[in-house]
Asks: 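One structure coming up, written as structure tokens, with questions to follow.
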Amino acid sequence: MPGAAELGADVALEAIGLTKRYQRRIWALKGIDLQVRTGSVTALVGPNAAGKSTLIKTWLGFERPTGGDVRVLGIDPRRDRQAALARLGYVPQTPSLYRDLTVADHLELAADLRPGFDGAAAAHRLEQLAIPLDSRAGDLSGGQQAQVHLALALGTRARVLLLDEPLASLDPLARREFLHVLIDAVRSDGVTALLSSHVITDIEQACDRLVVLGVGRKLYDGSVVEALAEHRVGPVEAGDAAHRLASVATFAEADGRLSTLYRSVDGATADGTRPASLEEIVMGYLVSGRSAVVSAEAA
Amino acid sequence: MTAARLLFKTHRFEALAVLAAAALLAVAAMYVTSRLNGVGVETDCFRQRFSSGPSEASEACSASVQVFGTINGDEAGKVMAGMAVLPFIGGLLIGVPLVGREIEQRTATLAWSLQSSRRRWLLKRAVIGGVSLATVLAVPAAAAELLEPARQPWLDPATTAFRDYGLRGPLTVFRGLAAFAIGLLAGAVIGRVLPALIIGAVGAVLLVQVVLAAQWTYLPPAEMLPVSETERAGRDGLQVGSGDEPEFRDRAGNTVTWEEIVARAPYPEYDEELGDADPRFYAWFESEFERYELFIPGEKLGIVAVREAAGLSLFSAVLVGLSAVVVSRRRPY
């Protein structure tokens, strides 16, 4: 039964002033404010050690915040982890299947651990992907293991899915297959998904919202469509005096050429600029985040 | 059933190892029991040998007692040595990986994201693991219980109950469960199997020391019993203390000191020429006096066993509870 806080709520995941510090001095998250709307597929993008996994694990109750709050459909996992977890499905970054158990055993295990687990739907999904249910998990490829994790997460019928870089170790074909299953399930079941990833090209097709995380801070938060419409890339000196084309950051292209990411106000453009790709947008914000840290440390 | 089947499948190597060791010990105990019974030493042979010494016993008696003694010392001794370590090794082998391996291999991430109550997850495994361990340990414990009377056929089992009492019967099961609980907690805290096994082994040794040190606080009051009865006359007891402070009584039941005995003796205690104890003194001493020491009579084993089992159960329950607290608070990796 949904709690009172969750009835009518359109925020699936929330972080309010969230900070997380390890070993008293390593900051993983610094004052993150974030809301993930129900029914959205949000990409959480950032480099290694950006705090993506920490953020996801805080919603799961695997990590305790140093400061601030988190909510899952209005429920604070610190106060009621059972209720929060009952609404979450999780796909971890590293496959964590039992090597000696078969895929069918995993479905039985999930049914034993999670009331209401839809084993038939999970089995059907895996059969469609030609993953034999009698295979030992240890004998499956990385892509197949990720698919088993996804099938387990979807089988929970959870309203919110947290996917922690499930694409990182997959080949392009396996990535595409994984995202296809995910999107199909999200559309048919209306669940909310938060997908952290390094692979920006793939999430462009799968996600409707982009959150860029760097050095423990939220650097960008907006819809993918808006992000693509609002950003342009051009030479360093292309920004306009009226500040309708504000410079976000200058970064080096693959060929060593310097380019600047601009945020355009009201669709403003300038000579020599072109629409930015999602990868360039992410790159620009990551560079801006790093520069801000360098400036702060210098000050 | 599903949980038990999957738990066994993921822990089958240690489960089979403990099962094999338990089966081996049980079979060995039964085999040695039949070997001891098969020697067929007359009870009088033992009495004759103990009271008169080997030189006075008949040749037939001496030969059969010697065969019996060899089987008893070599084979039965090894079985009992195995029974001393099996509960601890078995308990640790089953207990440590239940949580430790889940964390080490990161499978706890999957389990704890699926099961909303980690305590329920832990308790289910602890119950399955504990019941399985107790069942497996019960078999060699029962076999060792049968072996013990066969090792001392000249004694009355009802009153000689303390001989190897912790190496046979229900207490071995409770000791195994305590080791299991130590392993469970060590695995939950450390999150790695090998270090947790080492720490758990240290914990098990400490447990034995604590049990030995605390025994006198929960045991029934000791009584001064004649050593001759406790040792050989169909009665024994759990000796309290080191036996360094014996009491001596004369045939009338009066307590006398050693100095008084030496003063009354018609023979010197030591033979100066022989440079050793004077055998005439000790023959006279045995005819006139009785040495008493503090013992808990064998009949009271039931009370001792119940109290020790209760203590070990409480200890195990506390450790499982602590494991539940650790599991509910720690990261699954």
Side-chain angles (χ1 to χ4, degrees), chain A residues 22 53-54 56-64 72 75 77-78 80-102 104-117 119 122 136-138 145 148-149 152-153 155-156 158 161-164, chain B residues 1-17 93-94 96-129 132 187-189 191-193 324-333:
Chain A
Y22 290 109
S53 290
T54 302
I56 287 175
K57 287 168 182 170
T58 308
W59 275 310
L60 283 160
F62 288 177
E63 296 286 348
R64 288 170 173 269
V72 176
I75 300 161
R78 278 183 302 178
D80 193 350
R81 190 171 56 202
Q82 292 192 32
L85 267 177
R87 288 154 176 80
L88 290 172
Y90 174 55
V91 178
Q93 183 175 7
T94 316
S96 56
L97 301 174
Y98 294 84
R99 282 179 306 183
D100 294 331
L101 295 189
T102 64
D105 287 337
H106 279 87
L107 300 183
E108 274 191 68
L109 179 76
D112 185 56
L113 294 176
R114 186 72 161 247
F117 180 79
R136 281 173 68 251
Q145 289 191 37
V148 173
H149 266 298
L152 290 171
T156 60
L161 291 179
L162 296 172
L163 302 104
D164 189 1
Chain B
M1 277 306 288
T2 301
R5 185 181 67 78
L6 296 177
L7 195 60
F8 174 75
K9 205 168 173 180
T10 49
H11 295 81
R12 62 185 181 282
F13 291 115
E14 52 270 26
L16 288 175
L93 273 180
I94 300 292
V96 165
L98 274 188
V99 179
R101 187 185 298 149
E102 295 271 342
I103 294 166
E104 187 173 60
Q105 298 189 345
R106 291 181 166 252
T107 45
T109 303
L110 173 68
W112 295 359
S113 68
L114 287 170
Q115 171 93 58
S116 48
S117 169
R118 293 187 201 174
R119 287 183 188 180
R120 205 177 304 143
W121 173 83
L122 176 81
L123 289 177
K124 193 186 264 185
R125 316 186 121 228
V127 168
I128 294 169
S132 307
V189 171
R192 290 177 65 198
V193 172
V325 172
V326 170
V327 160
S328 68
R329 296 180 68 85
R330 72 157 295 150
R331 297 183 183 118
Y333 33 82

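In what follows, chains are A, B, ... by sequence order, proteins preceding strands, each numbered from 1.
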Asks: In a check of side-chain contact (heavy atoms from CB on, under 4.5 Å) between B:Arg331 and each of A:Glu63, A:Lys57, A:Arg64, which one passes?
Replies: A:Glu63
Asks: When rounded to the nearest 0.5 angstrom, what is the spacing between NE2 in B:His11 and OH in A:Tyr98?
Replies: 8.0 Å
Asks: Is the count of non-hydrogen atoms from other residues, nucleotides or ligands lying under 6.0 Å from B:Phe13 atom CZ greater than 12?
Replies: no
Asks: Quick one: does A:Arg99's side chain get under 4.5 Å of B:Thr107's, heavy atoms only?
Replies: no
Asks: Can you confirm whether more than 12 heavy atoms, excluding those of B:Arg330, are under 6.0 Å from its CZ atom?
Replies: yes
Asks: Would you mind checking which part of B:Arg329 comes under 4.5 Å of any heavy atom in chain A, side chain (CB onward), backbone (N, CA, C, O), both or neither?
Replies: both
Asks: Give, as side chain, backbone, both or neither, the part of B:Trp112 having an atom under 4.5 angstrom from any heavy atom of chain A.
Replies: both
Asks: Could you pull out the closest heavy-atom pair between B:Thr109 and A:Ser96, with the gap in Å?
Replies: CB-OG, 4.1 Å
Asks: At their closest point, which heavy atom of B:Arg118 faces which heavy atom of A:Gly61, and how far apart are they?
Replies: NH2-O, 3.5 Å
Asks: Using a cut-off of under 4.5 Å for heavy-atom pairs, which of A:Leu113, A:Leu162, A:Asp100, A:Thr156 has the most such pairs with chain B?
Replies: A:Leu113
Asks: Got a second to check how far A:Tyr90's OH is from B:Leu114's CG, nearest 0.5 Å?
Replies: 11.5 Å
Asks: With A:Asp112 as reference, evaluate B:Gln115, B:Lys124, B:Met1 under the side-chain contact (heavy atoms from CB on, under 4.5 Å) test and give the passing residue.
Replies: B:Lys124
Asks: With a 4.5 Å cut-off on heavy-atom pairs, point out which of A:Leu60, A:Leu101, A:Leu88 contacts chain B the most.
Replies: A:Leu101
Asks: Could I get the full list of salt bridge (Lys or Arg N to Asp or Glu O under 4.0 Å) partners for A:Asp105, not counting sequence neighbours?
Replies: B:Arg5, B:Lys9
Asks: Identify the heavy atoms of B:Ser116 and A:Ala86 that sit nearest to each other, and give their distance.
Replies: CB-N, 4.4 Å
Asks: Between A:Arg114 (side chain) and B:Ser113 (backbone), is there a donor-acceptor pair under 3.5 Å?
Replies: yes
Asks: Does B:Tyr333 have any ring pair (Phe, Tyr, Trp, His ring centres under 6.0 Å) partners at least two apart in sequence or in another chain, and if so, which?
Replies: none
